[in-house]
**Q** 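Have a look at the structure that comes next, please.
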Amino acid sequence: MLGPIKNYPSLEIGDAMDSMVLWYGMCLIFLLLLIWWLIRKFRSELVPVFNDDDGTVQITPQALRELVRKSCTSIAGVHSPATSIKKQGSKLRLKVQIRVEQNSKVKDTRLLLKQQLESVMVDNLNFSNFGGIDLVIRGFQEEKKDKQSD
């Protein structure tokens, strides 16, 4: 059973490339790297909100994304928000990706979204390390037309 593995170092390059041991090894390394990447991607690291004498307040990234999503639903013309959280030094920045309606004014939408999220983050949650919002428009949504019955 271990014969092919024991003989592998003595093989010539062409024979080694044709050997199934090499391909199995490469597949195993790829699989391990994929598992490592998935574990890092879905790891739930808590985001610090503020510290005081009574202790620390933290929020999960999922709760923060849900907060941004709910804030975006109250703004007309904003659809499908997706949020990523970036740490720049001690500051926390949100990258919000949205779809907007074709006839919406992007500058006004950005201002409304920024005001609403900053109000929630700083005034309501008392984020001491909030660094701002980066807005990315990832597409345009067609306006929904009301269906009228004939």
**Q** Identify, with sequence neighbours excluded, every residue that meets side-chain contact (heavy atoms from CB on, under 4.5 Å) alongside T83.
**A** R65, V68, L94, V96
**Q** Could you list the residues that satisfy side chain to side chain donor-acceptor pair (under 3.5 Å) with N103, not counting sequence neighbours?
**A** E143
**Q** Taking the side chain as every heavy atom from C-beta outward, state whether S71 and M121 have any atom pair closer than 4.5 Å.
**A** no
**Q** Please list, chain by chain and in numerical order, all residues satisfying side chain to side chain donor-acceptor pair (under 3.5 Å) with K95, sequence neighbours excluded.
**A** none
**Q** Table please: side-chain donor-acceptor pairs of residues 128-139 below 3.5 Å, with sequence neighbours left out.
**A**
{"residue": "S128", "atom": "OG", "partner": "V49", "partner atom": "O", "Å": "3.2"}
{"residue": "D134", "atom": "OD1", "partner": "R93", "partner atom": "NH2", "Å": "2.6"}
{"residue": "D134", "atom": "OD2", "partner": "R93", "partner atom": "NE", "Å": "3.2"}
{"residue": "R138", "atom": "NH2", "partner": "S80", "partner atom": "O", "Å": "2.5"}

**Q** Under the side chain to side chain donor-acceptor pair (under 3.5 Å) rule, collect the residues that match up with Q58, sequence neighbours excluded.
**A** none
**Q** Is it possible for you to say whether F50 and L92 belong to one hydrophobic cluster, with membership spreading through side-chain heavy-atom contacts below 4.5 Å?
**A** yes
**Q** Sequence neighbours left out, cut at 3.5 Å: what donor-acceptor pairs do the side chains of residues 25-39 make with other protein atoms?
**A**
none

**Q** Restricting to salt bridge (Lys or Arg N to Asp or Glu O under 4.0 Å), what partner residues turn up for E66, sequence neighbours left out?
**A** K70
**Q** With a 3.5 Å cut-off and sequence neighbours excluded, list the donor-acceptor pairs that the side chains of residues 104-113 form with protein atoms.
**A**
{"residue": "S104", "atom": "OG", "partner": "E101", "partner atom": "O", "Å": "2.8"}
{"residue": "T109", "atom": "OG1", "partner": "K105", "partner atom": "O", "Å": "2.9"}

**Q** Salt bridge (Lys or Arg N to Asp or Glu O under 4.0 Å) with K86: which residues, sequence neighbours excluded?
**A** none
**Q** Residues in side chain to side chain donor-acceptor pair (under 3.5 Å) with N126, at least two apart?
**A** none
**Q** Testing the basics here: between F127 and I59, what is the closest heavy-atom pair and its distance to 0.1 Å?
**A** CZ-CG2, 4.0 Å
**Q** What residues form a side-chain contact (heavy atoms from CB on, under 4.5 Å) with D54, not counting sequence neighbours?
**A** D52
**Q** Apply side chain to side chain contact (heavy atoms under 4.5 Å, CB included) to T60 and V47, showing your working.
**A** CA-CA 6 Å; T60 64; V47 177; over 6 Å; no
**Q** Applying salt bridge (charged side-chain N to carboxylate O under 4.0 Å, His left out) as the test, list every pair that has at least one member in residues 112-132; sequence neighbours left out.
**A** none
